[in-house]
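Here the structure is laid out as structure tokens; the discussion comes afterwards.
Being a predicted model, the structure only gives us computed values, none of them experimental.
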Amino acid sequence: MLLKMNIEKIWITDDAIWIRTAEGKEAREKFADYPRLRNASQEQRLDFTSDKFGIHWEDLDEDLSFEGFFLKPQPTKLYLLFIAHPELNVSALARRMGISQSLMAQYISGKKKPSETRLNMILENIREVGKELMAV
């Protein structure tokens, strides 16, 4: 369940979207963590709406909850794997699996937790890519 937060200000910089609560707490989400926002133009990033729960980019089909700005997840197994192997393309793997790039990014960042079945599917797809590369 999302918590209603009293957001006083929302602003965009070149690499992130920032929020400030009525209590003065500030937080940001980096565009680099969200493929749709990372690949969007500044004009597209500025075309957002907000409500009491979060920020929405209708044209980009992207949503961020205010609550998520303040969560500090621990590095996930997937995050550590992709950091250790920057040659792995998150977007391409997501397409290969038929899941959204944004969802994959949230799994990697820890904002969403994949089921054990989904995690195994991701790891199996990475192994398959490795096998295909070894066959070259």
Side-chain angles (χ1 to χ4, degrees):
M1 179 176 188
L2 294 176
L3 299 175
K4 178 183 171 189
M5 298 185 78
N6 192 1
I7 302 301
E8 182 178 90
K9 183 177 179 181
I10 301 171
W11 70 100
I12 301 267
T13 61
D14 287 340
D15 66 344
I17 184 158
W18 289 79
I19 63 172
R20 179 183 306 132
T21 67
E23 297 79 28
K25 292 181 182 178
E26 292 184 355
R28 72 166 187 217
E29 287 289 338
K30 293 181 181 180
F31 296 132
D33 293 336
Y34 301 90
R36 293 178 185 153
L37 293 171
R38 179 181 61 235
N39 297 323
S41 68
Q42 191 69 345
E43 182 179 327
Q44 290 173 307
R45 292 173 181 165
L46 289 168
D47 187 22
F48 65 86
T49 59
S50 64
D51 59 24
K52 58 188 174 183
F53 298 107
I55 304 167
H56 317 284
W57 289 266
E58 186 174 333
D59 290 342
L60 298 174
D61 191 27
E62 187 68 74
D63 302 292
L64 298 179
S65 73
F66 292 134
E67 189 177 49
F69 278 74
F70 295 99
L71 296 176
K72 301 296 181 210
Q74 296 299 313
T76 66
K77 180 178 185 176
L78 289 175
Y79 175 83
L80 296 172
L81 177 65
F82 281 93
I83 289 298
H85 298 281
E87 64 276 8
L88 292 173
N89 183 303
V90 175
S91 299
L93 185 65
R95 278 192 304 276
R96 178 185 176 115
M97 294 179 59
I99 65 174
S100 79
Q101 296 171 15
S102 179
L103 179 60
M104 180 70 89
Q106 291 177 53
Y107 287 157
I108 293 167
S109 71
K111 293 197 186 282
K112 287 194 176 181
K113 184 176 188 239
S115 67
E116 193 65 31
T117 301
R118 177 62 60 99
L119 177 60
N120 288 333
M121 182 190 303
I122 294 168
L123 295 174
E124 183 56 34
N125 270 271
I126 292 171
R127 287 185 203 102
E128 287 175 17
V129 169
K131 290 175 189 174
E132 291 168 13
L133 290 172
M134 287 175 48
V136 173

Residues E62, Y34; criterion side chain to side chain donor-acceptor pair (under 3.5 Å); working and verdict: CA-CA 9 Å; E62 187 68 74; Y34 301 90; over 6 Å; no
As a quick check of understanding, evaluate salt bridge (charged side-chain N to carboxylate O under 4.0 Å, His left out) for R127 and E124, giving each step before the final call. CA-CA 5 Å; R127 287 185 203 102; E124 183 56 34; 3.2 Å; yes
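R45 places no side-chain N or O within donor-acceptor distance of the main-chain N or O of D15, the cut-off being under 3.5 Å. The backbone N or O of S102 sits nowhere less than 3.5 Å from a side-chain atom of R36 that would complete a donor-acceptor pair. For R38 (side chain) and A32 (main-chain N/O), a donor-acceptor pair under 3.5 Å exists by modelled atom type.
Contact record, P35 with Q101: CB-OE1, 3.4 Å, taken as the closest heavy-atom pair. The shortest non-hydrogen separation linking W57 to D47 is CD1-O, 3.6 Å. A pairwise comparison of heavy atoms in F31 and L37 identifies CD2-CB, 3.7 Å as the closest pair. Between P114 and L78, the shortest heavy-atom distance links the atoms CG-CD1, 4.4 Å. Nearest heavy atoms, D51 versus F66: O-CE1, 3.1 Å. The two residues S91 and N89 come nearest to each other via the heavy atoms N-OD1, 3.0 Å.
I83 is connected to M104 through a chain of hydrophobic side-chain contacts under 4.5 Å among Ile, Leu, Val, Met, Phe, Trp and Tyr, so both are in one cluster. Cluster annotation: M121 and F82 are assigned to the same hydrophobic cluster (Ile/Leu/Val/Met/Phe/Trp/Tyr, side-chain heavy-atom contacts under 4.5 Å, transitive). Linking ILVMFWY residues whenever their side-chain heavy atoms come closer than 4.5 Å, directly or via other members, places L88 and L93 in the same cluster. Linking ILVMFWY residues whenever their side-chain heavy atoms come closer than 4.5 Å, directly or via other members, leaves F48 and W18 in distinct clusters.
With sequence neighbours left out, the side chain to side chain donor-acceptor pair (under 3.5 Å) criterion links E132 to R96.
Rounding to the nearest 0.5 Å gives a distance of 3.5 Å between OG of S41 and CD of Q44. Within the model, atoms OG of S109 and CG of D33 stand 6.0 Å from one another, a figure rounded to the nearest 0.5 Å. With values rounded to the nearest 0.5 angstrom, L64 atom CG is found 7.0 Å from I17 atom CD1. Atoms CG and NE2, from D61 and H56 in turn, are 12.0 Å apart once rounded to the nearest 0.5 Å. Residue R20 holds its CZ atom at 4.5 Å from CH2 of W11, rounded to the nearest 0.5 Å.
Of the N and O atoms on the side chains of T21 and E23, at least one donor lies less than 3.5 Å from an acceptor on the other residue.
Looking at heavy atoms from C-beta onward, L103 lies in side-chain contact with K112 at the 4.5 angstrom threshold. When side chains are defined from C-beta on, R28 does not count as touching T13, because their heavy atoms never get closer than 4.5 Å. Within the 4.5 Å cutoff, the side chain of I7 has no heavy atoms near those of the F69 side chain. In this structure the side chain of H85 never reaches within 4.5 angstrom of the side chain of I126, judged on heavy atoms. Considering only heavy atoms from C-beta on, M97 comes within 4.5 Å of I122 through its side chain. Counting only heavy atoms from C-beta outward, the side chains of T76 and Y107 never approach each other to under 4.5 Å.
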